[in-house]
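Presented below is the structure to which this report refers.
So that the names make sense, note that chain A is the first sequence line, chain B the second, and so on, each numbered from 1. Owing to the predicted nature of the structure, the values given are computational and were not obtained by experimental measurement.
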Amino acid sequence: MINIVDKEIKSFLSSINGIDESVLSIINEKYSTTISDDLKNGHLTSNVCMVAASILNLNPKDLAKELEQKLKKLNKFQEIKVAGPGFVNISLNRKDFVSIVDEINNNKEKFGESNLGNGNKIQIEFVSANPTGPLHVGHGRGAAYGDALARILTKTGSIVEKEYYINDAGRQIDILTASVITKLIQKDLGNFSAQNTYKGKYIEEIGIAFSKEKVVTYKEPKLIINNLPGDAEEEIDQLISNLKEMDKKIWNEVKDFSLKNILNLIKQDLENFNVNFDNWFQESSLGDLQDPNSQISSLINKLKEDDKAYEKDGALWLNTDVSGDDKHRVLIRDDGRATYFASDVAYHKNKVDRKFDTLINIWGADHHGYIKRIEASIEALGSNKEKLVVKLVQFANLFKDGKKVKMSTRSGEFFTLKDLIKDIGADAARFYYLSKQADQHLDFDIDLAKSDSKENIFYYIQYAHARIISLEKKFNENNQGKKIGSITTENIAYDKYDKLIHEISKYPNIVKKSAQTLQPHLIIFYLRDLSQLFHSYYNDNHVLSESEENMKSIIFCLSAVRQTIANGLTLLGISPMQKM
RNA sequence: GCGCCUGUAGCUCAGCUGGAUAGAGCAACUGCCUUCUAAGCAGUGGGUCAGGAGUUCGAAUCUCUUCAGGCGCGCCA
């Protein structure tokens, strides 16, 4: 029906005196005809007259009255009204209004799909936590957000690939390896423990697992920790180089084992969180500068050839002016080693070469200062920085027993994602992660997520779904073999569930908007509103004591509500509950 | 100092590509369980949308500015 209205509006606009093409297209761009927020404003509403009036310097109400007359002549609507500052509100004939219920029950889980993305190839890279320990609650937010985005974008017609970038090449991994080895031979080292090693229990567990396969012994272990510098950073670097020197074989074996072990932990956590990646990209696969055929070498060569990189003070720099970065960035240090940034540029070159239309990077908000230099590198690679969309995810503060849970990765005192899932379940965790805009601080209240009050929106929505399932079940038991059929337009006081029908008809737009703005939380708020309307209806109307005809119609309608809630939850990666 | 984000009811937050009397939950107060799940429903009170200025027929929404809070500003990763 919206299409019919819009077609009429377009012909109305072009009939306005003295209007030209360019003005027309501006108006078309800006106005919208939508399902009204509230039924009191009709079923459909358009702000076209106010938009047109402001551009053409006309009176919006007069314009609206003209449009009203034109729409009335069509004879397709129950009522047209001009309201407020110049809205045109349209009430549909009942048959048209309730047709959405048939549509939903026919399309089922496909309801809400669209071709908004038009087959756009999108890559979403997210989580990408350093493989130096289990995922913590901060990573969980990025995981929930990225995965929900992937689902939403897929549902709206994009082709999405989910990728995890594994930082398996840098100093972090050396520190991990050193942590495992020193823990493993702690006794031989006289209970020594370097300041900057990882201290979590998982370090010990990896060591024990390794020692079951191989015995780690050094001829003169004390030499490993002989004369270590006092500074924490220098200490760990010296320790790493000592260990490598003493026994390169053991070092490499422990390193590979630890990395593999931790990646398994991470994959397991993500699996339990219902997050799956299409691709795991290893930083190490980019190679190193010593290998002239490696990806990182060819990147550097390309940047040099294209005059995007230059040498200064013995280092190689990338000119990042195009993106408005406040200074140029080093790619290769004066000692010949590549920076982390260089790897990242090589990684983004790899992404660009894979011909995605859009690259979405989901980063922790503390990385926002990094955006401009990556944008600049995309431009330097001859691509367009608009292709890259960086979404920042703010940290989540965890509250338990009314107190903020302190977290510190190094010390190993942190609340892991695994702990959270064990505590409240993957679905509730995902729900609360997504309940607020990703780029804003989130106070994650574990007690609330477990509470059984209306304040716990997760259960409030699930409860609506479960209640409808239960009604359907009871109806089917009492009316075996009878088909629910379709919604009747007669013999029932519709106004009681008109609000529900109106609300579910908004759903496809909500999904589109959440895809366009990359904001899954819109779906959560929508589901809460829909659930609220359902609970209210449920309380006021005893469905199962209606006449058989009415009951069929009502159950048919409620099935559509159930389907919509289920579709919304699924979009967020949450399983709808069958009973509670 | 520079950059990014935030400031809406006592609390937690929606609304922000300008539009209809600024919404919801919690908390406070009043009601509703012999009937489909009370993890529910109905109602009352509660707001200078941080302050100021501007653009506009119209501003919580856009611009400027002040104040307050968070984060980021390495040849670290």
Side-chain angles (χ1 to χ4, degrees), chain A residues 29-30 32 36-38 40-41 45 47 50-51 53-54 57-61 83-87 89 130 132 167 169-173 175 233 283 312-317 324-344 364-372 392 394-395 399 435-437 439-443 445 448 451-464 466-475 478 516-517 521-522 524-526 528-529 531-532 534-546 551 555 577 579-580:
Chain A
E29 187 82 8
K30 284 185 79 177
S32 63
S36 65
D37 288 344
D38 196 303
K40 70 178 186 235
N41 295 326
T45 186
N47 64 351
M50 292 182 295
V51 171
S54 80
N57 234 334
L58 298 169
N59 182 323
K61 283 195 174 180
F87 289 101
N89 295 336
N130 283 337
T132 54
N167 291 112
R171 181 166 170 262
Q172 299 298 327
I173 301 304
I175 297 177
E233 294 294 327
E283 181 187 2
K312 191 185 132 200
D313 302 335
L316 187 74
W317 299 72
D325 198 6
D326 48 9
K327 57 181 288 195
H328 295 179
R329 305 293 170 175
V330 171
L331 291 162
I332 302 178
R333 301 179 179 95
D334 56 9
D335 64 4
R337 292 178 303 140
T339 58
Y340 172 87
F341 176 55
S343 298
D344 238 11
D366 53 336
H367 287 73
H368 72 77
Y370 208 72
I371 296 175
K372 283 182 175 165
L392 298 176
Q394 275 290 358
F395 292 115
F399 285 82
S435 67
K436 212 181 151 179
Q437 287 186 42
D439 60 358
Q440 293 187 28
H441 289 279
L442 172 74
D443 286 339
D445 188 336
L448 170 66
S451 81
D452 53 358
S453 73
K454 186 172 177 176
E455 198 180 359
N456 187 346
I457 317 165
F458 173 68
Y459 281 107
Y460 184 75
I461 293 168
Q462 292 283 17
Y463 191 31
R467 271 181 153 175
I468 298 176
I469 296 263
S470 164
L471 281 180
E472 288 173 317
K473 209 187 252 171
K474 289 215 159 78
F475 173 83
N478 300 338
Q516 281 164 336
T517 58
H521 79 282
L522 297 179
I524 294 213
F525 283 92
Y526 168 77
R528 196 206 48 203
D529 290 347
S531 301
Q532 200 276 324
F534 165 74
H535 285 305
S536 175
Y537 177 81
Y538 182 91
N539 238 268
D540 289 348
N541 301 278
H542 198 261
V543 177
L544 297 182
S545 41
E546 291 277 355
M551 220 190 301
I555 295 288
M577 291 170 98
K579 64 174 184 183
M580 291 174 64

(message) If you compare every side-chain N and O of T517(A) against the phosphate oxygens of U17(B) (OP1, OP2), does one of them come in below 4.0 Å?
(response) no
(request) Mark up nucleotides 69-76 of chain B, 5' to 3', with B wherever a protein heavy atom is under 4.0 angstrom from a base atom, S wherever such an atom reaches only the sugar-phosphate, and - elsewhere. (result) -SBS--BS
(message) Would you measure the distance from the P atom in U17(B) across to the matching atom in A77(B) and give it in whole Å?
(response) 40 Å
(request) Measure from NE2 on H535(A) to C1' on C41(B) and round the result to the nearest Å. (result) 10 Å
(message) Among C36(B), G15(B), G19(B), which nucleotide has an atom closest to any side-chain atom of F87(A)?
(response) G19(B)
(request) For D313(A), enumerate each residue passing the salt bridge (charged side-chain N to carboxylate O under 4.0 Å, His left out) test, keeping only those at least two apart in sequence or located in another chain. (result) none
(message) Going by salt bridge (charged side-chain N to carboxylate O under 4.0 Å, His left out), name the residues that satisfy it together with R333(A), two or more places apart in sequence or in a different chain.
(response) none
(message) Below the 4.0 Å mark, does A42(B) have OP1 or OP2 next to a side-chain nitrogen or oxygen of Q532(A)?
(response) yes
(message) Measure CD1/I371(A) against C1'/G3(B) and give the value in whole Å, please.
(response) 11 Å
(request) In whole angstrom, give me the gap between the C1' atoms of C5(B) and G19(B). (result) 27 Å
(message) Both distances below 3.5 Å, Watson-Crick or wobble geometry, any strand: find the nucleotide opposite A28(B).
(response) U44(B)
(message) From NZ of K30(A) over to C1' of U61(B), roughly how many Å is that when rounded to an integer?
(response) 13 Å
(message) Please report the distance separating the C1' of G46(B) from the corresponding atom of A27(B), rounded so that it comes out in whole Å.
(response) 11 Å
(message) Please name the nucleotide paired to G54(B) by Watson-Crick or G-U wobble geometry with both distances under 3.5 Å, or report none.
(response) C62(B)
(message) Give me the distance, rounded to whole Å, that separates G51(B) from A59(B) when you measure between the P atoms they each carry.
(response) 15 Å
(message) Taking the minimum atom-to-atom distance to the side chain of Y459(A), which one of C13(B), C41(B), A39(B) wins?
(response) A39(B)
(message) Please check this pair: side chain of W317(A) against backbone of L331(A), looking for a donor-acceptor N/O pair closer than 3.5 Å.
(response) no
(request) For C36(B), take OP1 and OP2 only and decide whether either is under 4.0 Å from a side-chain N or O of K474(A). (result) no
(request) Check whether any side-chain N or O of H535(A) sits under 3.5 Å from a backbone N or O of Y460(A) as a donor-acceptor pair, and report yes or no. (result) yes
(message) Using whole Å, what does the distance between atom C1' of nucleotide G40(B) and atom OH of Y537(A) come to?
(response) 16 Å
(message) I want to verify the glycosidic state of C33(B); is it syn or anti under the 90° rule?
(response) syn
(request) If the plane angle is over 60° it's perpendicular, under 30° parallel, otherwise tilted; pick one for F534(A) and Y538(A). (result) tilted
(message) Base of A20(B), side chain of T45(A) - is there a donor-acceptor contact under 3.5 Å?
(response) yes
(message) Could you identify the nucleotide paired to C67(B), looking across every strand shown and requiring Watson-Crick or G-U wobble geometry with both distances under 3.5 Å?
(response) G7(B)
(message) Measuring only between side-chain heavy atoms, which start at C-beta, is I555(A) closer than 4.5 Å to V543(A)?
(response) yes
(message) Using the C1' atom as the point on both nucleotides, what is the distance between A53(B) and G45(B), in whole Å?
(response) 34 Å
(request) Report yes if a side-chain nitrogen or oxygen of Y460(A) is closer than 4.0 Å to either non-bridging phosphate oxygen (OP1 or OP2) of C41(B); otherwise report no. (result) yes
(request) Please give the nucleotide sitting opposite A20(B) as a Watson-Crick or G-U wobble pair, both distances under 3.5 Å, or none. (result) none
(request) Quick one: list whatever passes ring pair (Phe, Tyr, Trp, His ring centres under 6.0 Å) with F87(A), sequence neighbours left out. (result) none
(request) State which residues pass side-chain hydrogen bond (donor to acceptor under 3.5 Å, both in side chains) with N89(A); sequence neighbours excluded, sorted by chain then number. (result) T45(A)
(message) So if I take every side-chain heavy atom of M50(A) and compare against C57(B), C41(B), G19(B), which nucleotide ends up nearest?
(response) G19(B)
(request) Would you please confirm or rule out a distance under 4.0 Å between OP1 or OP2 of U17(B) and any side-chain N or O of Q516(A)? (result) no
(message) Say we look at U8(B) and G18(B): how far apart would their P atoms be, to the nearest angstrom?
(response) 23 Å
(message) Side chain of D443(A), heavy atoms from C-beta onward: which of C36(B), U12(B), G15(B) has the nearest atom to it?
(response) U12(B)
(request) Using the C1' atom on both, measure A68(B) against A50(B) and round to a whole Å. (result) 8 Å
(message) Under 4.0 Å from OP1 or OP2 of C33(B): is there any side-chain N or O of H542(A) that close?
(response) no
(request) Determine the interatomic distance between P on G58(B) and the same-named atom on G69(B); round to the nearest Å. (result) 35 Å
(message) Please name the nucleotide paired to G1(B) by Watson-Crick or G-U wobble geometry with both distances under 3.5 Å, or report none.
(response) C73(B)
(message) Can you list everything that forms a salt bridge (charged side-chain N to carboxylate O under 4.0 Å, His left out) with R329(A)? Sequence neighbours excluded, please.
(response) D325(A), D326(A)
(request) Answer yes or no: side-chain N or O of D344(A) and base N or O of A77(B) forming a donor-acceptor pair under 3.5 Å. (result) no
(request) Please determine, for the side chain of M580(A), which listed nucleotide (C36(B), A39(B), G19(B)) has the closest atom? (result) A39(B)
